[in-house]
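Notes follow the structure.
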2 protein chains.
Amino acid sequence: MTPNTHDQLLKKKQVEQMLAEHGIFVTAQRRIIAEALFARNQHITADQLLDLVNKNGTKVSKATIYNSLGLFADKGLVREIHINASKTFYDSNASRHHHFYNVDTGDLIDMKERLVPLFLQSDLPDGTVMETADVVIRVRNQSP
Amino acid sequence: MTPNTHDQLLKKKQVEQMLAEHGIFVTAQRRIIAEALFARNQHITADQLLDLVNKNGTKVSKATIYNSLGLFADKGLVREIHINASKTFYDSNASRHHHFYNVDTGDLIDMKERLVPLFLQSDLPDGTVMETADVVIRVRNQSP
DNA sequence: ATCAATTTTAGAACTATTCTAATGCCACGA
DNA sequence: TCGTGGCATTAGAATAGTTCTAAAATTGAT
Ligand SMILES: [Mn+2]
Ligand SMILES: [Mn+2]
Ligand SMILES: [Zn+2]
Ligand SMILES: [Zn+2]
């Protein structure tokens, strides 16, 4: 019995294809990182991802984690979410959606699409085009 | 001729009143910091404010700048805006409004009120109440 | 095999922010 | 007026997320 099931092989193919389609040269480390990152929709920090990737014997350096996350973000595969000066999440779901952040629990929760604001291109500052719309609604637990 | 004009004295009074109304004990340093910060609507970083405050002979420590900004933010007098891991702005206008951030120029520009999204309390996660709605629309300069 | 270009890496460097612990300040009551 | 308690302020150290450096590894092309 090989360590790779059919499903895992499929997923590996999908991830490679995804990277290639976005003009990202596939390397061993990028494949490992992308497989861990895109295995599910998640909000993860750089060093949570480092731990996750290196949990199973593989060894990827911290620098490569940052390099790859930066590259993936540039190519539009992940979204950076800046909660505060020392908390940056990477969202493996880069499609248009926004978030609730619970300051009491630290939870970052996806917001339903229908709540997303609408912007008109013509309302942007002159000579600019929209890159991303970053929305974080901070909530706290109701007082008891 | 005294160094303080009538207008400046008025402004000083107003600032003290503002702090007191928000339950902030007025101290010499807090008054100096608040006068510089609330002199106009601005988006300013902690050490820009440190420079501004200490420009005219006064001497306030970096720790006090951070302590005061944190206190003012807790009391709802300023808004923190987290652009990225190493760029936090303090907005001296804490009223509800949002921002465009130009990644090419670094400009942070106020957004007109009518573009602000609407949220229904009932759409928040169960058991939570809204604290702030932080919206930053990132734009970049149109390609030439 | 050789080569140039790109990627990875360990660890150092950087830097915004927070922490520490000593000192200062001030109001109040004895 | 003096002493005490409680904050506030401070210099500088510590922290920690991120970026940088420069050397080694990998890659695909010739
Ligand atoms: Mn982390
Ligand atoms: Mn700064
Ligand atoms: Zn999300
Ligand atoms: Zn503003």
Side-chain angles (χ1 to χ4, degrees), chain A residues 15-16 19-20 22-37 43-54 57-75 77-91 101 103 106 108, chain B residues 15-16 19-20 22-37 43-54 57-75 77-91 101 103 106 108:
Chain A
V15 162
E16 280 189 35
L19 296 181
H22 286 77
I24 295 171
F25 205 96
V26 179
T27 67
Q29 288 87 345
R30 286 174 186 170
R31 188 167 42 231
I32 291 168
I33 292 169
E35 274 166 27
L37 179 58
H43 306 128
I44 193 171
T45 64
D47 59 58
Q48 285 170 344
L49 181 57
L50 179 64
D51 291 348
L52 180 60
V53 157
N54 289 340
T58 55
K59 191 66 213 310
V60 174
S61 74
K62 191 191 301 190
T64 298
I65 295 286
Y66 277 102
N67 289 344
S68 300
L69 284 172
L71 179 63
F72 295 173
D74 282 351
K75 301 297 187 180
L77 283 178
V78 298
R79 283 273 300 279
E80 293 178 347
I81 301 165
H82 302 284
I83 294 300
N84 60 47
S86 64
K87 200 154 213 50
T88 300
F89 286 108
Y90 290 85
D91 194 334
Y101 178 71
V103 296
L108 188 67
Chain B
V15 162
E16 280 189 36
L19 296 182
H22 286 79
I24 295 170
F25 203 94
V26 179
T27 68
Q29 288 87 344
R30 287 173 186 171
R31 187 167 42 231
I32 291 169
I33 291 169
E35 275 166 26
L37 180 57
H43 306 129
I44 192 171
T45 65
D47 59 59
Q48 284 170 344
L49 181 57
L50 179 65
D51 290 348
L52 180 60
V53 158
N54 288 340
T58 57
K59 189 66 212 308
V60 174
S61 74
K62 191 193 300 190
T64 297
I65 294 286
Y66 276 102
N67 288 344
S68 301
L69 284 173
L71 180 63
F72 296 172
D74 282 351
K75 302 297 188 180
L77 284 178
V78 297
R79 283 273 301 281
E80 293 178 347
I81 301 164
H82 302 285
I83 294 300
N84 61 47
S86 63
K87 199 154 216 51
T88 300
F89 286 108
Y90 290 85
D91 193 334
Y101 178 72
V103 296
L108 188 67

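Order of the sequence lines fixes the chain letters, A, B, ..., with proteins taken first and strands second; residue numbering starts at 1 for each chain.
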Quiz prompt | Value in whole Å for how far the C1' atom of dT17(C) lies from NZ of K87(A) | solution = 15 Å
Quiz prompt | Side-chain donor or acceptor of E35(A) paired with backbone N/O of I32(A) under 3.5 Å | solution = no
Practice problem: Estimate the overall bend of the helix from dA1(C)-dT30(D) to dA30(C)-dT1(D) from the end axes over five pairs each, rounded to 10 degrees. | Solution: 10°
Quiz item: Would you say D47(A)'s side chain and L50(A)'s backbone share a donor-acceptor pair under 3.5 angstrom?
Solution: no
Quiz item: Please give, in whole Å, the distance from dT18(D) P to L49(A) CG?
Solution: 12 Å
Quiz item: Do you know which two heavy atoms are closest between A36(B) and V53(B), and how far apart they sit?
Solution: CB-CG2, 3.8 Å
Quiz prompt | Whole-Å gap separating P (dT8(C)) and CG (N54(A)) | solution = 14 Å
Self-check item: Pairwise side-chain contact, L37(B) with L69(B), heavy-atom cut-off 4.5 Å (strictly under)
Solution: yes
Contact list (N/O, under 3.5 angstrom) for nucleotides 24-30 of chain D vs protein:
none

Quiz prompt | Nearest listed nucleotide, side chain of R30(B), among dT7(C), dT9(D), dA16(C) | solution = dT9(D)
Quiz item: Which nucleotide, dA11(D), dT9(C), dA16(C), lies nearest any side-chain atom of S61(B)?
Solution: dA11(D)
Quiz item: Side chain of N67(B): nearest nucleotide among dT10(D), dT17(C), dG17(D)?
Solution: dT10(D)
Practice problem: Would you classify T64(B) as touching base, sugar-phosphate or nothing, given that sugar-phosphate means primed atoms plus P, OP1 and OP2, and contacts are heavy atoms under 4.0 Å? | Solution: base
Quiz item: Quick one: is Y66(A) getting a side-chain N or O under 4.0 Å of the dT18(D) phosphate, OP1 or OP2?
Solution: yes
Quiz item: Can you tell me how far C1' of dT19(D) sits from CD of E80(A), to the nearest Å?
Solution: 13 Å
Quiz item: For residues H43(B) and D91(B), is any side-chain donor paired with an opposing acceptor at under 3.5 Å?
Solution: yes
Exercise. Please report, rounded to the nearest Å, how far the C1' atom of dT9(C) is from the CD1 atom of I33(A).
Key: 12 Å
Quiz prompt | Close side-chain approach of N84(B) and K87(B), heavy atoms under 4.5 Å | solution = yes
Quiz item: Hey, does the side chain of T88(B) come within less than 4.0 Å of dA16(C)'s phosphate (OP1/OP2), counting only N and O?
Solution: no
Quiz item: Just wondering, do H82(A) and F89(A) contact through their side chains at under 4.5 Å, heavy atoms?
Solution: no
Quiz item: Can you check the K62(B) NZ to dT15(D) P distance for me, whole Å?
Solution: 17 Å
Practice problem: On DNA chain D, check which nucleotide each of K59(B) and A85(A) is closest to and give me the residue with the more 5' one. | Solution: K59(B)
Quiz item: What is the distance, rounded to the nearest whole Å, between atom CD of Q29(B) and atom P of dT23(C)?
Solution: 18 Å
Exercise. Mark yes or no for whether T64(A), through its side chain, and V60(A), through its backbone, hold a donor-acceptor pair below 3.5 Å.
Key: no
Quiz prompt | side chain to side chain donor-acceptor pair (under 3.5 Å) partners for S86(A), two or more places apart | solution = none
Self-check item: Atom pair distance, as rounded to whole Å: CZ in R31(B) and P in dA8(D)
Solution: 15 Å
Exercise. Report yes or no: does R30(A) contribute a side-chain atom to a donor-acceptor pair with the main-chain N or O of F25(A) at less than 3.5 Å?
Key: yes
